[in-house]
Protein chains: 2
Amino acid sequence: MRRMTTEQLSPAEPAVPTKQRILYASAELFRRRGYSGTGLKQISQASHAPFGSLYHHFPGGKEELGEDVIRESGEFFRVLVESVFDGEPDLVSGVRAVFDGAAETVRVTDFQDACPVAVIALEVASTNERLRLATADVFESWIVSATARFTAAGFPKRRARELALALISALEGAFVLARAMRDTTALTVAGRTLADTVERELAALPRRS
Amino acid sequence: MRRMTTEQLSPAEPAVPTKQRILYASAELFRRRGYSGTGLKQISQASHAPFGSLYHHFPGGKEELGEDVIRESGEFFRVLVESVFDGEPDLVSGVRAVFDGAAETVRVTDFQDACPVAVIALEVASTNERLRLATADVFESWIVSATARFTAAGFPKRRARELALALISALEGAFVLARAMRDTTALTVAGRTLADTVERELAALPRRS
DNA sequence: GTCTATAGAAGGATAGAC
DNA sequence: GTCTATCCTTCTATAGAC
């Protein structure tokens, strides 16, 4: 599967528009050092963009940049996870593949990368309503996306959304543990546990006509 | 149950030793504004301690203070969760009570408080080895604590630890979602999902002699 | 739209009087 | 142990030349 990182999208090549370079570099820095822990000068340097360009492309300053990073990263990961699901024969193996893919990614990046949405969500949920709302919107879009998978597999809508919530919760939480402990076991175990639940409930579902 | 917050432990009363006031105020600020997002001058102000006292009690500066906050908060929450478990008649209702208690807490604090350990873990796991190690130690202590509960209920040690990992992952992840979305559903759903898994596996366990 | 320079505030840290 | 004053760096943001 594709690696769950945006690293390869932050080149110094002039072919990539300045605004995109800034966005990608910001996402990389935010997910590793946090939102508060990342300075605009660092972003300017990492994106090979002069400092003034940041305020040209993001007149709202760091906050606007943060919001754009959240929303773009959210979209990126939603598409990525959907592609992982699409590459699997059924829902249960799809769930396993998502967690195993995440485990592989954190291992390959030497436990450097976290989910930028979760990092910012934890940091600013209490203090910055604009960014909090952006993270909430992203989580909701992920939930809607996953819920559709579960309903398509036969779950009633209500239960499908609950399982989507449980999936994303487990994934984000296991990410935190795996990175802190430098051990991917939390991710693989969380994935298998949830996959087992889905499999069992799926088998107990009444047959569709 | 007791509220999952240290708020009440950060009084201005001179009866509380300065060092403790600093620790409590730091924990409060870190969990709401993050580690990088909290300044030492803020801590000095919130703890009603002169700035110099910070470096008197924590010669290692912000990093030492951060480590102490992680380890003390970790111990605090471990004891708190154990007391919740002890107040329930069995393991399954204990699991539910922990998640429901967490949901109640975030609701009561108006979604202000996160888990300080998770916040710092996400922020600094890649950039500060000392703090990363402290968060890893805390997570490990939680896992050990939860594993003991599961083994006592009859699970084999290997599976007990897996369930402990799944529990803490789900709890931390649901915390992130609940706070960002200002909705405790993620916590209650994650708790119920995990409790169901535990209940089912418990029933399938061979009877103990 | 690119880039430099700098303002003004806040950051962590230290020295030293009391 | 308490508290004030200050140092130097870094932060976000802005002004303005090109």
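Chain identifiers are assigned alphabetically (A, B, ...) following the order of the sequence lines, protein sequences preceding nucleic acid strands; residue numbering begins at 1 within each chain. Note that these values count all heavy atoms, side chains included, but never hydrogens, waters or copies made by symmetry.
- The distance from the OG1 atom of A/T109 to the CD atom of A/E28 is 9.0 Å, given to the nearest 0.5 Å.
- B/S36 comes within contact range of no nucleotide atom at all, as no heavy-atom separation falls under 4.0 Å.
- Residue B/G52 is classed as a base contact, given a heavy-atom separation below 4.0 Å to a base.
- Atom-to-atom, CG of A/L54 to P of D/dT12 comes out at 10 Å; the value is rounded to the nearest Å.
- With salt bridges taken as basic N to acidic carboxylate O contacts below 4.0 Å, one links B/R149 and B/D86.
- Just one residue in the list B/L40, B/D68, B/L65 forms a side-chain contact (heavy atoms from CB on, under 4.5 Å) with B/I22, and that residue is B/L65.
- A straight line from CG of B/L40 to C1' of C/dA13 spans 9 Å, rounded to a whole angstrom.
- Remark: A/T18 is in phosphate contact with C/dT2, judged by side-chain N or O atoms under 4.0 Å from OP1 or OP2.
- Here A/Y55 reaches the OP1 or OP2 of D/dA13: one of its side-chain N or O atoms lies under 4.0 Å away.
- A/R31 contributes no side-chain N or O that, together with a main-chain N or O of A/C115, makes up a donor-acceptor pair within less than 3.5 Å.
- The distance from atom NZ of B/K41 to atom P of C/dG12 is 8 Å, rounded to the nearest whole Å.
- Recorded end-axis angle for the helix from C/dG1-D/dC18 to C/dC18-D/dG1 stands at 0°, based on five pairs per end and rounded to 10 degrees.
- Rounding to whole angstrom units, NE2 of residue B/H56 and P of C/dT14 are separated by 15 Å.
- One interatomic measurement links the two molecules: CD of A/Q45 to P of D/dC11, which rounds to 10 Å at whole-angstrom precision.
- Counted by atom type alone, A/D90 and A/S93 present one or more donor-acceptor pairs between their side chains at under 3.5 Å.
- Donor-acceptor pairing under 3.5 Å is recorded for the side chains of B/R179 and A/S126.
- Residue B/F58 contributes atom CZ, which lies 16 Å from atom C1' of C/dG12 at whole-angstrom precision.
- From B/L177, atom CG reaches atom OG1 of B/T185 across 10.5 Å, with rounding to the nearest 0.5 Å.
- Atom NZ in A/K62 sits about 14 Å away from atom C1' in C/dA9, given to the nearest Å.
- Among the atoms of the strands shown, none is found under 4.0 Å from any heavy atom of A/S44.
- Across the protein-nucleic acid pair, A/H57 atom NE2 and C/dT2 atom C1' stand 9 Å apart, rounded to whole Å.
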